2 protein chains.
Amino acid sequence: MSPIRVVNPDGTFIIGPETTERLLTPGEVARLFGVDPKTVNRWALTGRIPSVRTPSGQRRYRETDIAPLLTT
Amino acid sequence: MSPIRVVNPDGTFIIGPETTERLLTPGEVARLFGVDPKTVNRWALTGRIPSVRTPSGQRRYRETDIAPLLTT
DNA sequence: TGAGATTTGGGTAATTCGGGGC
DNA sequence: CTTGTCCGAATTACCCAAATCT
């Protein structure tokens with residue numbers, strides 16, 4: 001399998017060959033916090049948590065955005 | 001109308017006389033969005049994202065088509 | 001020629017979406 | 001103000017086997 005390499009127009013990497021960021025589903029994040037998945041989506045809507053949208057509109061959450069919130 | 005492209009076995013394809021660009025496999029795109037590889041192919045079938053076909057029928061995806069969709 | 005990983009397609013169960021109201 | 005729930009519609013995940021790629 002080839003490495004992931006998504007580049008910007010200026011040639012810089014969005015995701016480099018050595019980086020594979022893990023994305024979490026709303027349900028996975030909900031279980032981490034002990035809340036309903038819809039609550040997680042509301043956090044995204046209100047700007048509390050950044051999210052990535054699939055082409056169809058579903059949300060995925062970066063592990064690096066979620067992990068710091070669990071420690072506090 | 002997208003241009004006709006001839007895909008090499010290593011996933012690269014010819015842009016110009018001296019330029020070549022690598023394409024992303026379904027598995028790579030799937031990891032970028034945190035979904036199943038089959039879901040990525042479904043996006044191509046429903047026209048949500050453009051795709052390139054190898055002579056054997058497998059799908060490949062252009063980085064420049066995928067990268068803009070990863071916005072937060 | 002062979003082994004292991006990946007891709008593809010079909011079918012079905014589970015998840016997610018948004019709106020609305022409590 | 002935040003959260004959990006109900007609803008229908010849309011989207012996705014997991015099962016399998018066969019084909020393709022490394």
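No experiment lies behind these values; they were computed from the predicted model shown. Proteins come first, then strands; the chains are lettered A, B, ... in the order of their sequence lines, and each starts at number 1.
The interatomic distance linking B:R42 (CZ) with D:dC14 (P) rounds to 12 Å, in whole Å. A:L45 has its CG atom 12 Å from the P atom of D:dT3, to the nearest Å. A:I49 places its CD1 atom 10 Å from the P atom of D:dT3, with the value rounded to the nearest Å. Following rounding to the nearest Å, B:R60 (CZ) and D:dT22 (C1') show an atom-to-atom distance of 12 Å.
Between A:I49 atom CD1 and A:L69 atom CG the span is 6.0 Å, to the nearest 0.5 Å. Separating the CZ atom in A:R22 from the OG1 atom in A:T64 is a distance of 12.0 Å, to the nearest 0.5 Å.
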Detail all sub-3.5 Å separations between protein N/O atoms and N/O atoms belonging to nucleotides 18-20 of chain D.
from, atom 1, to, atom 2, distance (Å)
D:dT20, O3', B:S56, OG, 3.2

Please enumerate all protein N or O atoms sitting under 3.5 Å from an N or O of nucleotides 1-3 of chain C, with distances to 0.1 Å.
none

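Residue B:R48 has a polar side-chain atom (N or O) positioned under 4.0 Å from OP1 or OP2 of D:dT11. One finds a side-chain N or O of B:R59 lying less than 4.0 angstrom from the OP1 or OP2 phosphate oxygen of C:dT8. The phosphate of D:dT2 (OP1 or OP2) has no side-chain N or O of A:W43 nearer than 4.0 angstrom.
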Chi angles and distances behind the side chain to side chain contact (heavy atoms under 4.5 Å, CB included) call for B:N41, B:Y61: CA-CA 10 Å; B:N41 290 346; B:Y61 303 92; 2.8 Å; yes
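Residues satisfying the side chain to side chain contact (heavy atoms under 4.5 Å, CB included) test with B:P50, not counting sequence neighbours, are B:D65. In terms of the side chain to side chain contact (heavy atoms under 4.5 Å, CB included) criterion, residue partners of A:T46 (sequence neighbours excluded) are, by chain and number, A:R48.
Annotation for A:R62 and A:L23: closest pair CG-CD2, 3.6 Å, computed over non-hydrogen atoms. Between A:P26 and A:R60, the shortest heavy-atom contact is CD-NE, 4.2 Å.
Inter-residue side-chain proximity for A:R59 and A:R53 is flagged as met; some heavy-atom pair is nearer than 4.5 Å.
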Donor-acceptor contacts under 3.5 Å from residues 31-40 of chain A side chains, at least two apart:
from, atom 1, to, atom 2, distance (Å)
A:D36, OD2, A:K38, N, 3.0

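At a non-hydrogen distance threshold of 4.0 Å, A:G27, A:K38 from residues 27-39 of chain A come into contact with DNA chain C.
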